[in-house]
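In this text the structure is predicted, and so the values were computed from the model without any measurement. Proteins get letters first, then strands, A, B, ... in listed order; numbering begins at 1 in each. Just so it is clear, the values below take in all heavy atoms, side chains as well, and ignore hydrogens, waters and symmetry mates.
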Amino acid sequence: MTWEPRPVPEVTPETDAYWTAAANGDLLVRECSACGLVYHYPRSLCPDCFSENVEWREASGHGEVYSYSAARTMSGWPEDDLPLIVAYVQLDEGPRIMTNIDANPEDIEIGTRVEVRFVDTEEEDVAVPVFVPIEA
Amino acid sequence: MAGHEPAYIAGAFEHPTREAPDKSTMQLHAEVAKGALADAGLTKDDVNGLFTAGVPEYRSGLSPLVIADYLGMDATYVDTTDYGGSSYIAHVGHAVSAIRDGKCDVALVTLAGRPRSRGQATGSGTRELRTVQDSFERIYGATNITMYGMAAKRHMHEHGTTSEQLAEIRVAASQHAQYNDHAMYGDPVTVEDVVESRVVADPLHLLDCCVISDGGGALVVVSEDVRDDLDREAVEVLGHGEAPSHHDAGRIDITRTGAEASGERAFAEAGLGPEDIDYASIYDSFTITVLEAIEDLGFCEKGEGGVFVEGGTLQAPDGELPFNTDGGGLCSNHPANRGGMTKVIEAVRQLRGEANSEVQVDASVALAHGTGGSIATRHGAATVVLGRESR
Ligand SMILES: [Zn+2]
């Protein structure tokens, strides 16, 4: 899955570590040291308890498909990259994160086990996490 | 609303256009404002409350000022709540609160837009990143329809809902649209027509999606004192509830919507329940939007929406829960990509006995509900319960 140019996320001081880690092949989640919540997307204050004592945690990169939709048409998007599978993957660490699944729509279903891959962008320090099915 | 001074919708106007290449959006805004005021028997000078989500295509936080400036309107109170298509249902509730607080006594709610003339296509997306969440969602090509598609897919997975059941919702809307001379699509369709239309975002077909239309609408909400001086039949606002709903740090359940909370709040305020509703306007951006709302508002148990809508349940005048008798967003009109306004307008028509005669219900209590934004990330659920004056 390599459509060009893939949109480059806006990198902020709150999310810089997340995107840089992705460029280095790691998927990060945030974990609150005060209440234990593991959450996505990254925020500096825990969205449950407002604690600022939150840590980066390296996720396993494994999860399962919570839901997905394959878009057959999408104006403004490269024909070669259709159908495009937009999905929520529930990470083994808990949070449901929006992503793409790089697969044929016929080869996945809700509950399919998946693992993370990283797609480069035009920015050297920014890669985007997507998922692929784990071969049985 | 129970225990409060009553407030009323005294004017309602839906712009008859569905395609307006030769008008500006602001012109449509003024035309719907004029239409709703004329319907109420009021004038521009009577308005002292302005309720608007702005001009969606401007994407400017200053757009309420743009509207007030263009309309030449002086207001003592302005509310610009914007959480998508349901905003205008929320505005009705906010107008009632402002009227009760003495901040205004004639509140104008307006919507207008021209996505059709601007060439928007069904299923189209934007790559433009605006919000903090866009960098975690839109970068994946997530569009409204893929997000509603995900909700439909998950609902099917958990509850066994089928594409044919979702199609029943479009079928009912199309049956109603045939009597609406202004509807974009006035021909009745069958379940087969829907499930055989092209898949836009799996599992949603083209006919699971609402229309893209130009146009708009407006409402006038007034105090009891103002109402007493008007000749036109008004509709009482009996209850209002809202529930902004979001991704919840990754715990989102896309088979449920804020309608669970907004409906409960609106019913509690009205002292009524789902069993009291004679007619329901339910925002139908997609068929799945209606199905989830029907469950969450309590018209059936969670997960049983698919079975509930089978067999003409939603078809006026004889179905158990007649809905969207103007043809709704699915067949008639979805001005500015925002369906909340027309939901209130058709509920007002039903309560006044002014719906198209073939679909007129003997309605003394009606509901209008909206799911604005995206069902699979963030949405604003808003519900109002409305009553005929002579209930
Ligand atoms: Zn916490």
task: Could you look at I254(B) and say if it's the side chain, the backbone, both or neither that has a heavy atom under 4.5 Å from chain A?
output: both

For the candidates [options], which exhibits the highest count of non-hydrogen atom pairs separated by less than 4.5 Å from chain B?
{"options": "T121(A), L37(A), V38(A), L91(A)", "value": "L37(A)"}
{"options": "S67(A), G111(A), C46(A), P95(A)", "value": "S67(A)"}
{"options": "V29(A), D48(A), I97(A)", "value": "D48(A)"}

field: Side chain / backbone / both / neither for P129(A) at chain B, heavy atoms under 4.5 Å
entry: both

query: Which bit of R30(A) is near chain B, if near means a heavy-atom gap under 4.5 Å: side chain, backbone, both or neither?
result: neither

task: Measure from NZ or CZ of R138(B) to the centre of the six-membered ring of Y140(B), then state whether that distance is under 6.0 Å and the direction lies within 45° of the axis.
output: no

field: Axial cation check for Y66(A) ring with R96(A), 6.0 Å and 45° limits
entry: yes

Could [X] and [Y] be called an ion pair, given the rule that one side-chain N must be under 4.0 Å from one carboxylate O?
{"X": "D92(A)", "Y": "R113(A)", "answer": "yes"}
{"X": "D202(B)", "Y": "K153(B)", "answer": "yes"}
{"X": "R170(B)", "Y": "D193(B)", "answer": "no"}

- prompt: Any residues in residues 11-21 of chain A near chain B, with a heavy-atom distance under 4.5 Å, and which are they?
  reply: T15(A), Y18(A), W19(A)

- request: With sequence neighbours excluded, tell me which residues meet ring pair (Phe, Tyr, Trp, His ring centres under 6.0 Å) with F118(A).
  value: none

message: Can you list everything that forms a ring pair (Phe, Tyr, Trp, His ring centres under 6.0 Å) with H159(B)? Sequence neighbours excluded, please.
response: H155(B)

statement: Ranked by heavy-atom pairs below 4.5 Å to chain A, first place among G149(B), P203(B), A376(B), A249(B) goes to A249(B)

- line: Contacts satisfying salt bridge (charged side-chain N to carboxylate O under 4.0 Å, His left out) that involve residues 329-340 of chain B (not counting sequence neighbours) are D82(B)-R338(B)

message: So for atom CD, which belongs to E310(B), do other residues, nucleotides or ligands contribute more than 12 heavy atoms lying within a distance under 6.0 Å?
response: yes

